[in-house]
Amino acid sequence: MDNGDIDRIEEAIAWHHALARDDADWDRFTAWLEADPANRTAYDEIASIDAAVDAHRDTILAILPSETGARESRPSRRWALGAGVAAALALVVGIPLLQTPQEKAVIYTTRPAETKAVALADGTRIALSADSAISVGGNQREITLQRGAAYFDVPHDPTRQLSVTAGGYRITDIGTHFSIDSGGGRVAIAVADGTVTVTQGTGGRTVLAAGQRLIGNGEGAPMVSPIASADVASWRQGRLVYDNASLAVVAADISRYRGTPVSVDPALAERRFSGVLVIGDGTRLVSDLASVAGLRVDRRGGRIVLGGKPS
Amino acid sequence: MRFLVARTGDRDEAEDILQELWVRTRDVKPAAVEHWRAYLFRVAHNLVIDRRRAAQRRAARERRWSEEAHGVMSPTEEAADTAPGADDAIAAREEAARLASAIANLPEGARRVFQLHKIEGHSHGEVAAHLGISKSGVEKHMAVAMKHLRRMLAD
């Protein structure tokens with residue numbers, strides 16, 4: 001590799017860093033790409049490594065010893081956990097294999113803009129989205145999503161009786177990857193791969209296969225619609241993907257990532273939104289949504305209310 | 001479009017992505033033109049990265065398949081369609097393990113910064129405060145880490 005290539009890689013790294021900013025200069029980036037086809041190749045390499053690390057962050061976190069806490073030799077220099085939405089801090093929590101028969105449910109929660117990976121003894125892995133909570137009880141066979149969203153990776157094992165409950169729905173026969181989102185007055189269950197059985201409190205049963213999503217409010221017949229597997233729990237890749245979602249649902253998601261309540265003028269709560277929001281550090285979500293959906297942002301104390309634009 | 005052609009180096013692919021961008025944002029009404037433009041760039045940019053990742057995974061799967069089942073010389077066209085999901089899970093774990101070991105082998109300073117920022121999710125400012133270095137020091141370490149990772153992960 002000659003010096004030109006090394007410079008190129010350094011430029012690509014600098015661009016990669018710069019593009020994450022709000023005021024990224026896309027025109028200059030385009031010009032840089034056009035200046036030499038090798039610039040594009042260099043940028044691709046850097047962006048791919050970065051995306052691969054992001055995609056496997058939870059697993060890598062579980063493999064590598066933590067850089068905070070455990071290895072810190074001087075206890076006086078305690079790690080300060082950033083307040084607010086600055087840090088999307090992830091932790092892996094392992095649950096000991098042996099538990100007493102009358103074990104209490106263990107509750108895992110995340111703060112706004114924080115994600116967490118939970119590993120169960122049977123190999124089930126759960127990624128917990130921002131400002132979410134699950135309880136794990138019944139000898140790790142009863143999981144309840146109490147609020148927010150989670151993604152489940154459950155190794156196939158027909159002898160296991162794992163069930164996941166969320167807002168009036170009970171999910172069983174699991175050997176798959178699926179996500180549950182709650183908020184905005186509804187629950188959405190989406191399957192990325194394999195199948196699950198969803199039972200409603202009142203008795204209705206639905207078998208959901210890969211590429212299907214069930215949306216319901218716990219009463220009445222739920223709606224089943226298609227979803228691209230890649231869009232299931234897209235928050236794990238730093239994006240919120242919506243297909244005809246109500247603004248109330250979008251606002252509930254944004255609230256979880258920002259850590260401050262975002263609500264929608266009741267007159268607009270049922271208005272539909274389709275599109276992609278890039279999560280980033282959470283601070284851009286409101287302005288992005290407002291500008292693409294043509295909404296007005298009102299700040300009232302600590303609250304943000306999205307209203308219609310006067311026409 | 002000019003950005004997408006520059007970014008992908010391929011007019012057909014750029015058109016595909018533009019199409020996808022259109023599908024994903026067609027129900028969205030542009031309000032503030034300035035933000036709208038930046039928003040489209042960001043979404044387009046993410047779509048390109050997604051495609052690169054998907055292509056890499058497909059290539060890895062085909063390579064594995066042909067090596068395991070057919071020997072290196074065989075055609076791989078059907079392989080991509082029949083590879084089961086379990087295989088993908090194994091591949092994902094392998095990729096994660098490969099990344100983790102590359103990260104563990106970074107030069108010490110770069111490794112700590114990379115791990116704190118990218119893996120444990122702390123902001124540049126927090127990492128700088130934690131390690132008692134400047135923010136530009138954090139950026140330098142990040143650049144060193146990326147350069148090393150690129151070399152270690154090159155096939």
Side-chain angles (χ1 to χ4, degrees), chain A residues 6 9-10 13-14 16-17 19 22 24 26 29-30 33-34 37 40 44-57 59-61 63-64 66-68 79-80 82 86-90 115 193-194 230 237 239 244 272-276 278 281 287-288 290-295 309, chain B residues 2-3 6-9 24-32 34-39 41-43 45-46 48-50 52-54 56 85-86 88-89 92-93 95-97 99-101 103-104 111-112 115-116 118-123 125-126 129-130 139 142-143 146-147 149-150 153-154:
Chain A
I6 293 174
I9 289 297
E10 280 179 355
I13 292 167
H16 192 62
H17 183 59
L19 292 177
D22 226 355
W26 293 97
F29 179 56
T30 304
L33 289 171
E34 284 171 343
R40 176 169 47 80
D44 268 341
E45 284 185 48
I46 296 303
S48 299
I49 292 170
D50 194 62
V53 170
D54 282 343
H56 295 298
R57 201 167 77 127
T59 317
I60 295 170
L61 191 61
I63 296 171
L64 293 177
S66 169
E67 195 44 53
T68 53
W79 178 254
L89 171 67
T115 61
D193 138 50
Q237 272 81 46
R239 281 190 303 278
N244 211 22
R272 299 285 134 177
F273 174 73
S274 296
V276 187
V278 178
D281 63 3
S287 57
D288 273 2
S291 67
V292 297
L295 300 170
K309 283 235 164 106
Chain B
R2 188 172 148 207
F3 164 70
R7 180 67 189 84
T8 58
R24 284 187 180 238
T25 56
R26 70 184 156 192
D27 296 330
V28 166
K29 286 182 210 77
E34 195 49 37
H35 285 125
W36 174 245
R37 196 162 178 272
Y39 167 83
F41 270 117
R42 269 207 303 278
V43 175
H45 186 64
N46 270 294
V48 176
I49 291 173
D50 275 1
R52 291 284 177 278
R53 289 270 306 146
Q56 275 174 358
D88 289 349
R93 232 162 288 154
E95 191 182 10
L99 288 166
S101 87
I103 293 165
R111 184 191 60 74
R112 297 190 74 183
Q115 226 176 304
L116 285 167
K118 279 306 289 183
I119 307 299
E120 300 184 20
H122 300 288
S123 71
E126 286 174 318
H130 180 56
E139 277 161 30
M142 281 299 294
M146 287 307 280
K147 263 189 280 184
L149 286 179
R150 175 180 164 272
L153 297 170

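Note that the coordinates shown come from a computational prediction; the quantities given were computed from them, not determined experimentally.
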>> Which label fits B/Phe3 and A/Phe29: parallel for a plane angle under 30°, tilted from 30 to 60°, or perpendicular past 60°?
In response: tilted
> Would you call B/Arg53 and A/Asp54 a salt bridge, using N to O less than 4.0 angstrom?
Replying inline: no
> How long is the span from the CD atom in A/Glu45 to the CE atom in B/Met146, to the nearest 0.5 Å?
Replying inline: 10.0 Å
> Of all heavy-atom pairs between A/Arg57 and B/Ile119, which one has the smallest distance, and what is that distance?
Replying inline: NH1-O, 3.4 Å
>> If we define contacts as heavy-atom pairs under 4.5 Å, which of A/Ala52, A/Ala230, A/Gly194, A/Ala24 has the most with chain B?
In response: A/Ala52
>> Less than 4.5 Å to any heavy atom of chain A: does that hold for the side chain of B/Arg52, its backbone, both, or neither?
In response: side chain
> By a 4.5 Å heavy-atom criterion (distance strictly below it), what part of B/Ile49 contacts chain A: side chain, backbone, both, or neither?
Replying inline: side chain
> If you count heavy-atom pairs under 4.5 Å between each of A/Ala14, A/Ala55, A/Ala51, A/Pro37 and chain B, which one has the most?
Replying inline: A/Ala51
> Which distance, rounded to the nearest 0.5 Å, do you find between the CD1 of A/Ile60 and the CD of B/Gln115?
Replying inline: 9.5 Å
>> Between A/Val276 and B/Arg42, is the side chain to side chain contact (heavy atoms under 4.5 Å, CB included) condition met? List the steps.
In response: CA-CA 10 Å; A/Val276 187; B/Arg42 269 207 303 278; over 6 Å; no
> Out of curiosity, A/His56 NE2 to B/Ile103 CD1, how far, rounded to the nearest 0.5 Å?
Replying inline: 10.5 Å
> What residue, out of B/Arg7, B/Glu139, B/Met142, has the most heavy-atom pairs lying under 4.5 Å from chain A?
Replying inline: B/Arg7
>> Show, in sequence, the C-alpha distance, side-chain angles and deciding distance for B/Asn46 and A/Val278, and conclude whether the side chain to side chain contact (heavy atoms under 4.5 Å, CB included) test is met.
In response: CA-CA 9 Å; B/Asn46 270 294; A/Val278 178; 3.5 Å; yes
